[in-house]
Each structure stands twice: as C-alpha cells, then as structure tokens.
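Some notes on the structure that comes next.
Proteins get letters first, then strands, A, B, ... in listed order; numbering begins at 1 in each.
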Amino acid sequence: MIERLPSGVFADPFELDHLLHHGAYAAIGVFGDTNLELPSVSSNRSAVEIHMNFKHNTSSGAMSELGIRIDLPLHARYAPLHESGYSEVAFGTPDLLVSCSMEGSSEKRSCLIVPSSDSNRLRTDVVVWKIPCGIMSYTNVVSVVTFATALVSTLVIVLPSVLYSKPR
Amino acid sequence: MTARAMMNLRSILIGSAVFRLVLILYGEWQDAHMEVRYTDVDYLVFSDAASLMASGSSPYKRTTYRYSPLLAFLLIPNSFLHRAWGKFIFSASDLLVGYFIYKILKQRKVAEDLCLYSVMVWLLNPFTFTIGTRGNCEPIVCAMILWILICLLNGQIIQAAVWYGLVVHFRIYPIIYALPIIVVLDPRYVQLGKKPLLVNWKSNTQKPSSQSSEEASTRYNLWTAAKSMFSKERILFGLVSGGTFFLCTGLFFHLYKWEFLHEALLYHLTRADPRHNFSIYFYHIYLQYGHQLSLVEKLISFLPQSIVQLVLVSSFAQDLPFCFFLQTVAFVAFNKVITAQYFVWFFCLLPLILPWSDMKLRWEGLSCVGLWMGAQLHWLLWGYLLEFRGQNVFLQLWMASLVFLLANAAVMAVFIRRQRCSPIFLQMKVTDAKGGVKSE
C-alpha cells in the first residue's frame with residue numbers, strides 16, 4: 001500500500017521502524033519530507049509504502065471476502081493559522097498493489113492494481129482530519145500578555161532578591 | 001566520616017543503585033513487549049549517533065542529534081556491549097551526584113541527618129530516577145556541575161576551570177554560572193595554591209559563632225568585584241575554561257565541520273520552537289512564525305531573563321550554591337523552550353541549599369511543591385487535550401504556561417525570603433613580616 005500523505009501530516013520513520021520490529025508490518029518505508037519538527041508551512045509532502053502479508057483460507061470452496069486492516073500512526077504538523085481554529089487536511093485514497101499466490105502452486109499468480117482514480121470500485125469516504133491551529137487575531141493580545149507576565153515574574157523575583165540578599 | 005554515617009550513606013546509595021537497575025531492566029522489558037516505549041526517544045538518537053560514530057561516520061548524520069560528539073563517543077559500547085550501556089552510565093552519574101551532594105554538605109559541616117535527607121531529596125526524586133533510567137544524559141551534566149563546586153570549595157581553580165569549559169561545551173546553559181564564579185574567586189577568599197576557608201553551616205537555632213564577625217566583613221558586591229576584577233585567579237579561570245571550551249569546539253569542528261557547529265552549538269543559541277512546551281513564549285512564536293521579529297520584540301524577549309540573571313548574581317553570588325540554584329530555576333523558567341528534562345538542572349542543586357533554609361516542610365515546603373507540581377499538571381492536562389484529543393486549546397495551554405512561570409517565580413520568592421544566605425568563603429588571614437596575623 002502506498003499512502004501519499006497530504007501536506008501537514010507526516011509519519012515518523014523511527015516510530016514505524018519500532019513497529020516493524022514488533023512485527024506490525026512486513027516492510028515499511030517513508031519517502032519525501034521526514035523532518036519531525038518543522039511546521040506545515042516549512043515542510044514538503046511525504047509518502048509511506050507498507051508491505052503486509054496475509055493468509056486467506058478458501059478450502060471450503062465458497063467465495064469469501066478478505067478484510068484487511070492496516071494501522072498507520074500519523075502525526076500532524078503545526079498548521080498555518082486560521083480564524084476557525086482548525087485546519088482541515090483531506091486524505092486521498094491510497095494506492096493498493098496486491099500480489100496473490102495459491103498454496104502448493106506457485107505458478108498461478110495474479111496481480112490486481114487498484115488505481116486511486118477509479119472511485120466507483122471503491123467504497124471510501126473522504127477522510128478529513130481537523131487539526132487544531134493558532135488563531136491570527138489573537139497575536140497582539142498573546143504578545144502583550146506574554147511580555148507583561150514575563151515582566152511581572154521578573155519583579156516577583158527581583159524585589160525579594162534586593163530586599164533579602166543580605167546574609168543573616 | 002563515621003562508620004555509622006558511611007553505613008547510612010552506603011545503604012542509601014546501594015538501595016538507589018538497585019532500584020535504578022530494576023528500572024533499567026524493566027525498561028528493556030517494556031521496550032521489547034509493549035508498543036509504548038519506556039526509553040526516551042533521545043536515547044535512541046544518542047545510540048544511533050554512537051553507532052554512526054563507531055562506523056567512522058559523523059554522528060550528525062542522525063537527524064535531531066544536537067549534542068556534543070563526546071556523548072556519542074561515551075555511548076559507542078551500546079553497539080557492541082549492550083544497548084543499555086548508556087543508561088548504566090547515566091544512572092551511575094545520577095548516583096555520583098548523590099555522593100557529591102553528601103561530600104559538599106559534609107565539607108561545610110552540615111549535621112549528618114540533614115546531609116542524608118538532602119541526598120535522599122535527589123536520589124528519591126521521581127524526576128531523577130526516571131531521567132537516567134530512561135536514557136537521558138542530564139545526570140552527567142549535573143555530576144560535572146557539582147564536581148566543579150567541589151573543586152572551587154577546595155581551591156582547585158585550574159581543575160574547576162577545565163571541567164567548566166568541558167561542561168559548557170557539553171550543554172551550553174552552565175555559561176550562566178560564569179559571572180558568579182568569577183565574582184566568588186575574589187583574591188581575599190580564594191588564592192592559588194591555598195585551600196580556601198569555608199563558612200560552616202549552622203542551624204537556625206544556633207547562636208552566631210566567632211565566624212560571624214568575619215562573615216560580616218566578607219560582604220561584597222559587584223562594584224567591589226569590578227574593582228579587583230583582574231586578579232590572577234580570575235584570569236586563570238577564564239583562560240583555562242575558555243581554552244578548554246575552544247579546544248573542544250575546535251577539535252570537533254575539525255572532525256565534523258559546520259554540521260557540528262550548527263547542530264551542537266548554533267541550534268541551541270537560536271532555537272525558537274513554535275511547538276507547544278512549558279515556555280510562555282511558544283504561542284507567541286507560533287503566531288509570529290515566518291515573520292521577522294522587530295529589534296524591539298527581540299530585545300523584550302531577551303530582557304526579563306537578562307535582568308533576573310544579573311540581579312540574582314549581584315545579590316547572591318557569595319552564596320554560590322544558592323546563586324546557582326536560583327539562576328538555574330530562572331533560566332529554565334524564562335527560556336524560549338522548556339522541556340521536563342531541564343528541571344533536573346536545578347533539582348541537583350536543591351539539596352545543597354536546603355540545610356540553610358528556614359522553610360519547614362509543613363506547610364510552606366509542601367505548598368511550594370504543590371504549587372509547582374499543580375501548575376505543571378494543569379499545563380499537562382491542556383497539553384493532553386491538544387495532542388491526544390485534537391482539541392483547539394492553544395489559548396488555555398498558553399495561559400497554563402503563564403501560570404507555570406508565575407508559580408516558578410513565586411516559589412523562587414519564597415526560597416529567597418526563607419534562605420539564610422551564607423557566603424561559602426571566609427576572608428583569608430595573611431601572616432605579616434613580624435609573624436603576626438592580619439586580615440587582608
């Protein structure tokens with residue numbers, strides 16, 4: 001599976017490596033911008049490629065569906081400021097590549113590629129992640145109150161220091 | 001040191017060592033069996049950097065490694081001995097800090113039971129035993145700072161200077177101690193080749209001893225210090241510590257070039273992280289991110305820290321451990337970025353000042369602890385809602401950081417009010433030509 005992450009979302013390659021060692025995936029790789037610290041405005045997009053192995057028992061001969069669930073931990077970058085207080089990030093459909101083989105007859109293989117543009121074959125809703133973000137209209141108030149608090153704290157420390165610094 | 005005292009100190013140290021060993025082993029188990037690690041993310045960064053160094057590469061190829069190459073060098077055995085080697089080193093440093101606390105207090109003639117309680121304040125502090133066992137390197141810095149204090153108490157100026165240059169290379173923040181150290185290296189109290197005279201501890205119930213008339217004459221201020229600034233002790237300390245720092249910087253620049261300079265030094269000096277942390281400045285930085293701050297704005301953010309540091313040094317330099325403690329609390333509280341690991345920087349100094357505090361545990365001491373922890377927990381609650389519940393609580397989180405700064409300032413004010421400030425050094429007596437004794 002190739003998950004192309006939208007701008008503002010990233011996967012931590014070290015975290016995924018840890019999960020890989022726990023057997024969560026057969027293989028995993030992150031491509032693109034893997035910087036863990038920069039906010040969204042200073043970052044580029046990335047993609048994650050996940051390899052998983054599944055067994056499906058069809059010995060009964062009846063048609064059956066195979067349900068596969070892949071969990072991928074993601075993190076939000078600090079989003080650009082917005083008056084609503086939330087930045088919406090929409091996920092596209094991942095690209096899936098399935099390789100099958102029948103037990104006992106390795107010659108019979110079939111591949112199915114599911115293109116992301118063929119949405120009729122897919123029953124997926126658009127996934128939107130609402131990421132909290134700062135509100136620009138608070139900028140002046142936050143700056144003034146921050147520095148006022150710093151000043152008050154300075155006085156709370158400086159005054160006793162001057163008054164009580166003599167050895168007793 | 002009496003046999004009984006050794007036994008008590010020994011049993012505290014052994015008990016603490018066993019407990020840390022258990023935590024390290026538990027941490028290894030949790031890392032292997034649970035998705036949430038016990039080990040700090042930073043430890044994995046150190047280990048990766050150490051493996052890169054072991055294979056001949058630069059440790060800075062590991063993203064987010066922003067420490068001295070010395071740290072990666074110390075952890076090279078992680079690659080071929082055991083991955084927990086570094087945790088053992090850090091926990092051993094943490095035990096060493098406990099021993100140094102005892103040594104410093106004993107040298108100043110603090111009563112035995114108070115010495116042991118002070119040691120326990122460090123060794124039994126949950127911040128302390130988790131930080132080393134989770135793989136954080138701060139205990140090494142704490143041990144170096146306390147060793148510098150021991151060297152100064154023994155008049156070993158050159159050794160103190162070498163370790164000071166090394167610790168500033170390792171972690172930068174100890175640069176704030178430069179001024180009080182220079183102030184305290186007054187030639188009236190500290191002379192090359194002579195062991196300085198220390199002011200002994202006395203409890204708040206004891207009557208003033210004969211030392212007190214000499215204590216009164218030891219009061220000095222920055223003006224007095226400025227007049228005798230260029231004594232040979234001070235010049236020597238400055239030259240040796242500066243030389244050590246530039247030697248280390250020069251050596252690693254030669255090995256690792258601009259990557260070392262940027263990641264290990266410049267990053268820390270220019271760091272302005274918009275991501276939420278305990279600092280009051282995080283939201284201001286986030287809202288202004290990408291905009292060029294005016295000169296006035298840059299000055300305003302720099303001023304509170306500078307003013308507080310200068311006033312603390314001017315008021316308390318003579319009581320060096322107390323000055324270090326207050327400076328460190330203030331430095332952390334007013335910094336642009338605050339993470340929990342920074343608290344250890346002043347936790348290691350707290351036991352050194354407690355014997356001189358008139359603060360009783362009930363209820364003044366417990367109120368200070370409650371206020372500081374309460375403000376922190378309050379911030380963590382909003383932090384949890386933001387990080388794990390995705391709620392927009394930036395404003396509340398920022399207000400919680402304002403409360404945390406005010407709580408730090410209030411606790412500092414209580415400490416200052418209740419401390420029996422005591423200079424560490426006595427004025428030295430000098431023998432005159434006729435064999436009599438006079439004070440300088």
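Using a 4.5 Å heavy-atom threshold, the side chains of K336(B) and S301(B) count as touching.
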Verdict with reasoning, Y286(B) to H276(B), per side chain to side chain donor-acceptor pair (under 3.5 Å): CA-CA 9 Å; Y286(B) 176 27; H276(B) 57 284; over 6 Å; no
Check against ring-ring contact (aromatic ring centres under 6.0 Å, His included), W356(B) and F322(B): CA-CA 9 Å; W356(B) 281 266; F322(B) 188 52; 9.9 Å; no
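Of all the listed residues (I131(A), V141(A), I135(A)), the one sharing the greatest number of non-hydrogen pairs under 4.5 Å with chain B is I135(A). Ranked by heavy-atom pairs under 4.5 Å with chain A, the list M412(B), H284(B), R275(B) is led by R275(B). The candidate from A330(B), A32(B), A410(B) with the greatest count of non-hydrogen atom pairs under 4.5 Å with chain A is A32(B). Per-residue counts of heavy-atom pairs under 4.5 Å with chain A were compared for H33(B), R66(B), M399(B); the largest is that of R66(B). Looking only at heavy-atom pairs under 4.5 Å with chain B, the residue among P80(A), C133(A), G85(A), A76(A) that has the most is C133(A). Here F14(A) is the residue among F14(A), Y86(A), Y138(A) with the most heavy-atom pairs under 4.5 Å with chain B. Contact count versus chain A (heavy atoms, under 4.5 Å) is highest, among M34(B), E387(B), Q305(B), for M34(B).
In this structure, a donor-acceptor pair under 3.5 Å is absent between the side chains of H82(A) and E88(A). Between the side chains of Q288(B) and T139(A), no donor N or O sits under 3.5 Å from an acceptor N or O. Checking W201(B) against S422(B) by side-chain atom types alone, no donor-acceptor pair falls below 3.5 Å.
Heavy atoms of I280(B) lying under 4.5 Å from chain A belong to its backbone as well as its side chain. When heavy atoms are compared at a cutoff of 4.5 Å, Y283(B) approaches chain A by way of both its backbone and its side chain. Proximity to chain A is limited to the backbone of D31(B), based on heavy atoms less than 4.5 angstrom apart. With a threshold of 4.5 angstrom between heavy atoms, L303(B) does not approach chain A through any atom at all. For a residue to count as touching a neighbouring chain, one of its non-hydrogen atoms must lie under 4.5 Å from one of that chain's; by this rule S401(B) does not touch chain A.
Using a 4.5 Å heavy-atom cut-off against chain B, the contacting residues of residues 151-160 of chain A are V152(A), S153(A), T154(A), V156(A), I157(A), V158(A), P160(A).
One finds a salt bridge joining D95(A) and R4(A) here, because a Lys/Arg side-chain nitrogen approaches an Asp/Glu carboxylate oxygen to under 4.0 Å. Look at D33(A) and R45(A) and you find no salt bridge, because none of the NZ, NE, NH1 or NH2 atoms lies under 4.0 Å from a carboxylate O.
Atoms CG and CZ, from L326(B) and F316(B) in turn, are 6.0 Å apart once rounded to the nearest 0.5 Å.
Here the closest non-hydrogen pair linking R418(B) and M359(B) is CB-N, 4.1 Å.
Taking the six-membered ring where the residue is Trp, F147(A) and Y281(B) present tilted rings, their angle falling between 30° and 60°.
For the pair R62(B) and F46(B), the cation-pi criterion (under 6.0 Å, within 45° of the ring axis) is not fulfilled.
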